[in-house]
Number of protein chains: 2
Amino acid sequence: MSVTPVWPDELFTDLDRTGPVPLYYQVSSRLEQAIRSGTIPTGSRLENEISIGERLGLSRPTVRRAIQELVDKGLLVRRRGIGTQVVQGQVSRPVELTSLYEDLKHGHHEPSTEVLSYEVIPAPEEVAEKLSVAVGSDVLRIRRLRGTDGVPVAILENYLPKEFTDIIEADLKSKGLYQLLRARGVTIRIANQSISARRATADEADLLGESRGGPLLTMERIAFDDSGRAIEYGHHCYRPELYRFETTLVAK
Amino acid sequence: MSVTPVWPDELFTDLDRTGPVPLYYQVSSRLEQAIRSGTIPTGSRLENEISIGERLGLSRPTVRRAIQELVDKGLLVRRRGIGTQVVQGQVSRPVELTSLYEDLKHGHHEPSTEVLSYEVIPAPEEVAEKLSVAVGSDVLRIRRLRGTDGVPVAILENYLPKEFTDIIEADLKSKGLYQLLRARGVTIRIANQSISARRATADEADLLGESRGGPLLTMERIAFDDSGRAIEYGHHCYRPELYRFETTLVAK
DNA sequence: GAGTGGTCTAGACCACGGC
DNA sequence: CCGTGGTCTAGACCACTCT
């Protein structure tokens, strides 16, 4: 029974079966759009998976996969014997594998970057260990001051293996580090992050316009490419009034 | 060709096809165990999905799903045309949807809890909004001091709707909040978290044994149950030398 | 060309929740 | 009891990478 609420049929009329975009992705992204825009209201129930498949001309596994994507994002909830519901009242905003630059850009702010230093140095023990290179071998060290709308937000300190020394210093002013790596054919696949806090040093406080000894939000990250090779080790600190890490967690 | 490294056949000999545990889960958890223990070395390649399926007597989708679980956890990397590899050299430790109590317990520490206050109060505006209840309606407020091995680590402040006032104050000393909610039949499914930092107040500094005005790591969380209803709003602060949030991010 | 993962189909049976 | 999602099968075709 149940007055299964439906969406306008037009939402899914023109699925492209020839192009490179997977069907499940076309369905899930349009569904997500419809939910976020309110076209499908929060709390409403979806039809069962088989009916949806029939209406869209898709098999059940394909429909399931589309739905699963949104369950993983925290937009839908499935309960056996009950059905699938749009989660009530919240916007979910996951921590994503992007750099701060892209975070800010998507947030409709104007990011700015000042390159504080750009140099090749012998790897200190800590950095060598994180990047899995020999202590004392050449590594590229980049230190940047990142701001938004003219206000300093974060100090970014990054270390990369020496073959990346051809990253142009000038490019760092207008592009994110990950963007430059992608342009070089390097895709960051996995990152281990550790978030904590500490006091600002005098140097950091001056750069960020904070009081000396004031609290800073810190993030350490080691990023790996497809093959599991360590590409970047970063140690960043943020002004806590201006930045925070937001996550949506979904229990399995 | 490739010298496809294999695992000992014994690893997967006794799959249980009758019990309630899904086959893909049996495979992925044993595979994970084998990787974490080093039985399958980092960097090694797995056989292709079809061969694995034949060896285990499973269909390809089932094998794929098992592997996908570990890809999502950041233990394996798949590349089209190449194969599946164990990621090199790292332990991944995701932020999970558990409470601090369970985090500490799994970390082989002895967690302790002191209930600082336990009271029903009229909901302040901020709390009412987060829990989607009327301003001034009754909410349960719990404030706890969490320590490990006798050292204070965090101050946990939680708000719950009034129907949870039957959570026994005494139970909070020995059990986590989520554990108590589960025992009441409430499953936390989705949580929105926001991590940042700020100065400690005098009160907080005294409780945590920190210097006044020192940095604190903070986490705000709203947790929802299956139906999307807000169950808990929490505002926690941690001593940054003793606690941090670790995540493994995997690009899709 | 050979081998790999990425996607998709059309069924099947089961477990769980509500009636 | 019925309807739901959860799992599983046995195929198929395609895109990509390496040789």
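Heavy-atom basis, side chains included; hydrogens, waters and symmetry copies ignored.
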For [X] and [Y], test the side chains for any donor-to-acceptor distance below 3.5 angstrom and give the result as yes or no.
X	Y	value
A:S194	A:N192	no
B:D225	B:T187	no
B:N158	B:R221	no

Reckon [X] touches a base, only the sugar-phosphate, or nothing at all at heavy-atom distances under 4.0 Å?
X	result
A:R65	sugar-phosphate
A:L23	sugar-phosphate
A:R64	base

*Start with the C-alpha gap between B:E220 and A:R244, add the side-chain angles, then the distance that decides, and say whether salt bridge (Lys or Arg N to Asp or Glu O under 4.0 Å) holds.*
CA-CA 11 Å; B:E220 240 188 82; A:R244 54 199 181 147; 5.6 Å; no
Less than 4.0 Å between a side-chain N and a carboxylate O, is that true for [Y] and [X]?
X	Y	value
A:R229	A:E163	yes
A:E49	A:R78	yes
B:R55	B:E47	yes

Phosphate contact ([N] OP1 or OP2) by [X] side-chain N/O below 4.0 Å:
X	N	value
B:R78	C:dG6	yes
A:N48	D:dT4	yes
A:Y24	C:dT7	yes
B:T84	C:dT4	no

*asked:* Please enumerate all residues that pass side-chain hydrogen bond (donor to acceptor under 3.5 Å, both in side chains) together with A:E32, with sequence neighbours excluded.
replied: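 Partners of A:E32 by the side-chain hydrogen bond (donor to acceptor under 3.5 Å, both in side chains) criterion, ordered by chain and then number, come out as A:R36, A:K73.
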In whole Å, I'd like the distance from the [atom1] atom of [X] to the [atom2] atom of [N].
X	N	atom1	atom2	answer
B:E54	C:dT4	CD	P	11 Å
A:L15	C:dT7	CG	C1'	15 Å
B:E47	C:dG5	CD	P	10 Å
B:Q68	D:dT7	CD	P	14 Å
A:E49	D:dG5	CD	C1'	6 Å
B:I50	D:dT9	CD1	P	14 Å
A:D226	D:dT17	CG	P	10 Å
B:R45	D:dT17	CZ	C1'	11 Å

*Would you mind telling me which residue lines up with the more 5' stretch of DNA chain D, A:G83 or B:P22, judged by nearest nucleotide?*
A:G83
*asked:* Which is more 5' along DNA chain C, the nucleotide nearest A:Y25 or the one nearest B:S51? Just name the residue.
replied: B:S51
*Between OG1 of B:T39 and CZ of B:R30, what distance do you get to the nearest 0.5 Å?*
13.0 Å
*A:T62 side chain to A:L58 main-chain N or O, any donor-acceptor pair under 3.5 Å?*
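Side chain of A:T62 to backbone of A:L58: no pair is present.
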*Pairing of DNA chain C as dot-bracket, 5' to 3': ( ) intra-strand, [ ] crossing, | other strand, . unpaired, with Watson-Crick or G-U pairs under 3.5 Å?*
||||||||||||||||||.
*If the sugar-phosphate is the primed atoms plus P, OP1 and OP2 and the base is the rest, what is the B/S/- string for nucleotides 10-19 of chain C, using protein heavy atoms under 4.0 Å?*
B-B--BBSS-
